[in-house]
Amino acid sequence: MTKDKSSPKDDQNKDKDKSKDKDKDHSMRGVDTRMSPGDSSQGSSSSDAGKHGTSSDSSSSGYNGAGDYSSKSETKTGDGGTDKTTTTQKQDGTVVTATDHFDADGKFTGSTTTTQSTDVSRGTVTTDSVTKDADGKVTSTEHDVAERLPDGSWTDTRTEKDFKDGKLTGTETTTTTARPDGTRTVDTVRENANGKVTSTEHAESHQDKNGWHETRTETRYANDKATGSDTTKTTVKNDGQRTEDTVTRGADGKVTGKEHVESHATSDGRTEKRTETNIHNGHKTSSETKTTTDHNDGRHEETTVRKDAHDHVKGSVERTTTPTQDGRTMENTARDAGGHVTRSSTVTEHDRPDGSKTRDITNKDRHGDVTSTSHTEVPPRSR
């Protein structure tokens, strides 16, 4: 029904980030990336085993025939491949960063070129980026203008365009404003290939003595008409406790569902309780509550309880995942309205060094009698 949102104080132990916040890093792009005069060094290399692979770089400064003031080349290699980047500063202060991407086999996969210029008198930083595939076709572009305002606020407008086979497939424009008092607004408009608006999003957030607060509304459109919306209010207290309340509305503005989420740290991990309520014509029709606990030792527990319009339990499902020396064991149990077991299953997985694994499943009925078993050889995931 609804979707999780992220915040600057997002839960440390959340197993997945379903954040829809696409404003990425909306900090000012006015960071001075220019190299100082006389900056020159011989090539150097470093290695951080198992994390960043290897990197090497070299730089030089001085005017050349092309009007460049300084340039720097850097190569970074990791598990996914190699990036070769050349950063050049022009005489007017414009910085051009060109990166060629190569896969793990050394095959060229594409390139990204970014140009950044600063207008000191206006207090603006403009960044343009173009990404191309291995055939030189443009796959995306980005235009970003960041501006510092006289009152100390800053605003950033970013437009991203996606292309396929040379044709525009979609556009997303995000405008972010941050004020000296810590309040922040983010407005996003998404359009399809025909320039029709498919969704808009408005978010406002601020920090106070009690924690961080955000209100976010996303509205969906089809054929120039609103088809529904989600409004989520999020609070993250200073102790890490997080609450979210979401209201979903249909095209007519009527509430069709609500969601309430609470999460907090425990002595050995983190727990979350999420309740989704379905509503029709102003009346509750059903609800589902899922309680999830993640332990520091890797154990994962979740219980889902379904209720009818009158809050009577209709059934529940319990799932537990326990790590083993070479894999994991998963226990699943379904219960009826009276709490009696209706069926259960046990899944045991053993991992192999080559990335493959075995999976054994045993299914049982309400009496605990085995109804079926299966054994599966799972090949390594393709890279």
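The model shown is predicted, which means the values in this text are computed figures rather than measured ones.
- Applying the ring-ring contact (aromatic ring centres under 6.0 Å, His included) test to pairs two or more places apart or on separate chains, none has a residue in residues 321-371.
- Comment: E201 engages R190 in a salt bridge, judged by a side-chain N to carboxylate O separation of less than 4.0 angstrom.
- By the side-chain contact (heavy atoms from CB on, under 4.5 Å) test, K161 pairs with T141, T159, F163, L168, T171, sequence neighbours left out.
- Listed by chain and residue number, T293 satisfy the side chain to side chain donor-acceptor pair (under 3.5 Å) test with T271 (two or more places apart in sequence, or in another chain).
- Sorted by first then second residue, the salt bridge (charged side-chain N to carboxylate O under 4.0 Å, His left out) pairs that include residues 331-349, not counting sequence neighbours, are E318-R335, R328-E349, E349-K357, E349-R359.
- Take D224 and apply the side chain to side chain donor-acceptor pair (under 3.5 Å) test, not counting sequence neighbours, and it matches K196.
- Every residue two or more places apart in sequence or in another chain that forms a side-chain contact (heavy atoms from CB on, under 4.5 Å) with D252 is listed here: K254.
- Judged as a side chain to side chain donor-acceptor pair (under 3.5 Å), and not counting sequence neighbours, T185 has no contacts.
- Annotation: side chain to side chain donor-acceptor pair (under 3.5 Å) contacts of D133 (sequence neighbours excluded): none.
- With a 4.5 Å cut-off between side-chain heavy atoms of Ile, Leu, Val, Met, Phe, Trp and Tyr, the cluster of V189 takes in V197, Y221.
- In terms of the ring pair (Phe, Tyr, Trp, His ring centres under 6.0 Å) criterion, H295 has no residue partners (sequence neighbours excluded).
- Screening residues 99-110 for salt bridge (charged side-chain N to carboxylate O under 4.0 Å, His left out) gives no qualifying pairs among residues at least two apart or on separate chains.
- Residue pairs meeting the ring-ring contact (aromatic ring centres under 6.0 Å, His included) criterion with at least one partner in residues 92-147, sequence neighbours excluded, are F102-F108.
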